[in-house]
Structures are given as structure tokens and as C-alpha cells.
Amino acid sequence: MRLGLCCLFINEPVSFRTTTAKALSALDRDDQLHKLSCICHDNARNLCLALEAAQRLGIGAFRIMSPLFPRMTHPDVGYSLGDLPDGDAIIHLFGAIRSFAVQHDIRLSFHPDQFVVLSSPHSTVVANSIQELEYQSQLAEAVGADVINIHGGGVYGDKSAALQRLSRVVSALPESVRSRLTLENDDTSYTVRDLLPVCQQLSIPLVYDVHHHRCNPDGLSVEEATRLAGETWRRVGREQYCHLSSPKAGWGSGNPKPHADYIDLADVPECWRGREMTVDVEAKAKERAVVRLMEYLGRERT
DNA sequence: GCATGTCAAGTTGTG
DNA sequence: CACAACTTGACATGC
């Protein structure tokens with residue numbers, strides 16, 4: 001089991017910067033690009049630091065923050081890598097990141113946020129989503145990330161119609177996006193059972209989030225969901241990817257959806273132990289939670 | 001300096 | 001019907 005960290009560290013000196021469209025809009029274009037260039041360059045350097053820290057801690061995967069290049073697809077202040085004064089230096093850093101990740105076998109992924117909705121009935125929402133996916137696939141290509149993971153999106157009162165729209169949009173995506181795209185079961189709308197047919201039909205792997213499955217069950221057992229999702233990965237010859245978290249308020253009462261600081265060992269499925277797979281740890285205590293889980297699992301084995 | 005409100009985008013579910 | 005949750009800062013502003 002390869003354990004992964006999501007986006008941030010709490011104890012390591014790694015931080016990512018961002019900016020807002022509003023702040024940028026007060027500047028003229030040259031100043032905008034200068035500011036963005038500094039931020040992107042900084043973020044690329046911090047991504048190097050992140051991978052070095054991950055390697056040192058024995059973390060085997062890292063999810064890269066969506067706004068690594070903030071506001072890149074914004075209609076007013078958007079830009080491309082070539083527009084940035086430090087573009088060449090950034091490309092150089094990306095090459096270094098890529099080879100470091102390969103050398104130390106750190107798997108990289110992207111997880112666009114909730115605004116990427118391919119099942120939407122609104123064509124502008126879908127068009128913006130595709131543009132965002134193209135941006136992320138460009139970065140993914142540059143740093144060697146093999147996964148861009150998204151949710152099914154909204155239901156709009158008719159799940160099968162929404163799934164049909166999703167299928168149609170996914171099958172028409174550019175190859176640079178499609179070859180990395182994965183679908184994940186969520187905690188309100190789309191379950192493993194809902195997404196499996198789409199994934200099977202389009203040869204898109206399914207990221208199995210066991211916490212979402214427990215919050216939003218579909219009749220499949222954890223073992224069945226793990227196996228069925230695993231087949232979508234085997235079919236494309238890639239290592240299975242799963243997500244894991246523990247409920248902040250426990251399973252007993254209240255809302256189990258918010259994530260706890262650490263992973264409760266009891267929430268790690270029995271059938272995952274010793275299995276060849278990547279597991280992103282979604283926990284508030286970030287790298288400390290990953291390290292603690294590694295220690296738990298290691299201790300358990302002896 | 002430090003605290004606080006704000007930030008592109010979508011959808012669902014709750015109060 | 002309005003607003004928080006998702007997930008979470010970091011930045012900009014104002015004291």
C-alpha cells in the first residue's frame with residue numbers, strides 16, 4: 001500500500017501562494033504577468049520542496065493543489081505559461097520535479113475542485129470545466145502526473161440523463177485529458193455502482209473513496225467496491241488509486257462527512273492491507289497523519 | 001503588527 | 001428562500 005499526501009504540509013516549510021482575480025484586475029497587464037510569474041515560480045520551487053519532504057518521510061504519492069498556477073483559465077486575467085517572464089525557469093523546474101518523482105517513485109495526481117462539472121446541462125459550465133481540465137492536463141504532462149480525478153457532479157433530478165451527458169462529454173475530451181481522467185464516487189450523489197458502467201464503457205479508471213462510500217452507500221460491500229474499482233485500473237494497466245479518511249465526529253451520531261485530523265486504523269479496510277495500491281490520506285493533520293498511519297500499519301504487521 | 005473579511009467558478013441539502 | 005458545506009488557505013484591507 002502506497003500512502004499519499006493531499007496538497008499541503010503542516011510541519012514542513014512548504015507553502016503555496018495564490019492571488020485573486022480582483023487583486024490582479026487592479027494592475028496593468030505587465031504587472032499582472034510579473035506578479036503571476038513570481039507566484040508560479042515560487043509554487044514550482046515549493047513543489048520541489050514538497051516532493052523532497054515526501055521522499056524523506058516515505059510518502060509515496062502527492063496530490064498537487066489545483067491552483068498551482070492561480071487564475072490561469074480566468075476569462076479576464078488568464079494566461080499561458082509562455083506569457084510569464086519566468087516561463088523558461090518554470091519549465092526547467094517542472095523537468096526537475098518530473099525526474100525527481102520518477103527517480104523516487106512518487107506518484108503525482110491532480111484533483112480539480114467542485115467547479116469542474118462535466119454532467120452539467122449548462123454548456124458554459126461544461127466548456128469552462130473542459131478548459132480547466134486542459135489546463136490541469138498541461139501541468140500534469142509537464143510534471144508527469146498520471147491522474148486527474150473528478151466527481152460526477154450534479155444530478156439535476158435525473159441521474160441517468162446526467163450520467164449520459166457525462167459519458168458523452170468524457171468520450172469527446174482531448175486525449176491529453178482523457179488519458180489521465182478518473183471518476184470518484186462522492187458522498188451525496190454518485191456511488192461506485194452509479195459510476196462503474198460509465199468507467200467500464202469508456203475505459204476510465206474509478207477512484208474508490210471508501211469514506212464517501214460509507215457516507216453514501218450503494219449496496220456494494222467495501223470488498224466488492226474495492227475489487228470492481230480495481231478492475232477498472234487493471235484494465236488500463238495501472239496501479240489502483242483509492243481515498244481514505246476518518247469521520248471527525250465518529251460514526252455514531254452527527255455528521256460523519258467532515259474529515260478527522262488522523263486516520264483511525266479501524267477505518268482502513270481489511271482487504272486493502274498488503275494490496276498493491278495507492279491510497280491518498282485525506283486528513284487534516286496532513287503529513288503527520290500519513291506518517292502516523294504508516295507507523296500503525298508497520299507495527300501491526302510485526 | 002495583527003485581526004478580519006474576501007476570494008471565479010457549481011450543486012446539494014439544510015435552516 | 002437564503003446560505004453553508006464541500007476544503008482551506010492566503011491575500012488584501014483596515015485598525
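None of the values given here were measured: they were computed from a predicted structure. Lettering follows sequence order; numbering is per chain, from 1.
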Colleague: Taking B/dA3 as the reference, what is the distance to C/dT8 when you measure between their P atoms (whole Å, please)?
Modeller: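 Result for the P pair: 23 Å, nearest Å.
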
Colleague: Do we see a donor-acceptor contact under 3.5 Å between the side chains of A/S246 and A/D267?
Modeller: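 Per modelled atom types, A/S246 and A/D267 side chains form a pair under 3.5 Å.
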
Colleague: Looking only at the side chains, is there a donor atom on one of A/Q240 and A/R234 sitting less than 3.5 Å from an acceptor on the other?
Modeller: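 Result is no, nothing qualifies.
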
Colleague: Would you mind reading off the distance between A/F9 atom CZ and C/dT8 atom C1', rounded to a whole angstrom?
Modeller: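 Atom-to-atom, A/F9 to C/dT8, this comes out as 16 Å.
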
Colleague: Does either side chain, that of A/H151 or that of A/Q114, offer a donor lying less than 3.5 Å from an acceptor on the other one?
Modeller: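 Short answer, no.
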
Colleague: Do the non-hydrogen side-chain atoms of A/V169 and A/I130 ever get within less than 4.5 Å of each other?
Modeller: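 A/V169 reaches A/I130 side chain to side chain.
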
Colleague: Rounded to whole Å, please give me the gap between CG in A/D76 and C1' in B/dA8.
Modeller: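 Taking CG of A/D76 and C1' of B/dA8, I get 9 Å after rounding.
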
Colleague: Do A/K286 and A/E12 meet the salt-bridge criterion of a basic N to acidic O distance under 4.0 Å?
Modeller: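 Salt bridge flag = no for A/K286 with A/E12.
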
Colleague: With sequence neighbours excluded, tell me which residues meet side-chain hydrogen bond (donor to acceptor under 3.5 Å, both in side chains) with A/S167.
Modeller: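 Partners of A/S167 by the side-chain hydrogen bond (donor to acceptor under 3.5 Å, both in side chains) criterion come out as none, since no residue qualifies.
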
Colleague: Which whole-number value in Å describes the distance from A/M65 CE to C/dC6 P?
Modeller: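 Those two atoms, CE and P, are 17 Å apart.
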
Colleague: With P as the reference atom in both, quote the distance from C/dC11 to B/dA8 in angstrom, rounded to an integer.
Modeller: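 Straight-line distance between the two P atoms is 14 Å.
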
Colleague: Scan side-chain atoms only and decide if A/T182 and A/N149 contain a donor-acceptor pair under the 3.5 Å cut-off.
Modeller: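 Distance-only check passes for A/T182 and A/N149.
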
Colleague: Quick one: does NZ or CZ of A/R288 land under 6.0 Å from the six-membered ring centre of A/F9, within 45 degrees of the ring axis?
Modeller: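 The answer is no, since A/R288 fails at least one limit relative to A/F9.
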
Colleague: Output the rounded distance in Å from CG (A/D113) to C1' (B/dC7).
Modeller: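 Between C1' of B/dC7 and CG of A/D113: 12 Å.
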
Colleague: Could you tell me how far C/dT7 sits from B/dG13 if I compare only their P atoms? Round to whole Å.
Modeller: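 The answer is 15 Å between these two P atoms.
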
Colleague: For A/N255 and C/dA5, give me the distance from atom CG to atom P, rounded to whole Å.
Modeller: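 Distance check: A/N255 CG to C/dA5 P gives 10 Å.
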
Colleague: Atom CZ of A/R63 to atom C1' of C/dT8: distance rounded to whole Å?
Modeller: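 Result: 13 Å.
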
Colleague: Show every donor-acceptor pair shorter than 3.5 Å between a side-chain atom in residues 14-25 of chain A and any protein atom, with sequence neighbours excluded, or say none if there are none.
Modeller:
from	atom 1	to	atom 2	distance (Å)
A/R17	NH1	A/D42	OD2	3.4
A/T20	OG1	A/A23	N	3.1
A/S25	OG	A/A21	O	3.4
A/S25	OG	A/K22	O	2.7

Colleague: Using a strict threshold of under 4.0 Å (side-chain N to carboxylate O), is an ion pair present between A/E276 and A/R2?
Modeller: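 No, no charged N to carboxylate O under 4.0 Å.
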
Colleague: Quote, to the nearest angstrom, the P distance that separates C/dC3 from B/dC7.
Modeller: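 It works out to 15 Å between them.
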
Colleague: Are A/H211 and A/H259 an aromatic pair by the rule of ring centers under 6.0 Å?
Modeller: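 Yes, the ring centres sit under 6.0 Å apart.
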
Colleague: Could you run down the sub-3.5 Å N/O contacts of the protein with nucleotides 2-5 of chain B?
Modeller:
none

Colleague: Taking atom C1' of B/dA8 as reference, at what distance in whole Å does atom NE2 of A/H74 sit?
Modeller: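 My rounded result for the distance is 5 Å.
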
Colleague: Compute whether any side-chain donor of one residue and acceptor of the other, for A/T278 and A/R107, lie under 3.5 angstrom apart.
Modeller: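 There is such a pair (donor and acceptor under 3.5 Å, judged by atom type) between the side chains of A/T278 and A/R107.
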
Colleague: Would you tell me whether A/Q136 and A/E132 have side-chain atoms, one donor and one acceptor, within less than 3.5 Å of each other?
Modeller: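 Looking only at side-chain atoms, A/E132 and A/Q136 do form a donor-acceptor pair, the distance falling under 3.5 Å.
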
Colleague: What N/O pairs connect the protein and nucleotides 9-15 of chain C at under 3.5 Å? Give each pair on its own line.
Modeller:
from	atom 1	to	atom 2	distance (Å)
C/dA12	OP1	A/K35	NZ	2.7

Colleague: If only side-chain N and O atoms count, and only distance matters, is there a donor-acceptor pair under 3.5 Å linking A/D280 with A/Y241?
Modeller: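 Per modelled atom types, A/Y241 and A/D280 side chains form a pair under 3.5 Å.
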
Colleague: How would nucleotides 10-15 of chain B be written as a contact map, 5' to 3', with B for base contact, S for sugar-phosphate-only contact and - for no contact, using protein heavy atoms under 4.0 Å?
Modeller: BSS---

Colleague: So what does the secondary structure string of DNA chain C come out as, 5' to 3', with Watson-Crick or wobble pairs under 3.5 angstrom, [ ] for crossing and | for pairs with another strand?
Modeller: ||||||..|||||||

Colleague: Report the distance from atom NZ of A/K248 to atom P of C/dC6, rounded to the nearest whole Å.
Modeller: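 The answer, rounded to whole Å, is 10 Å.
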
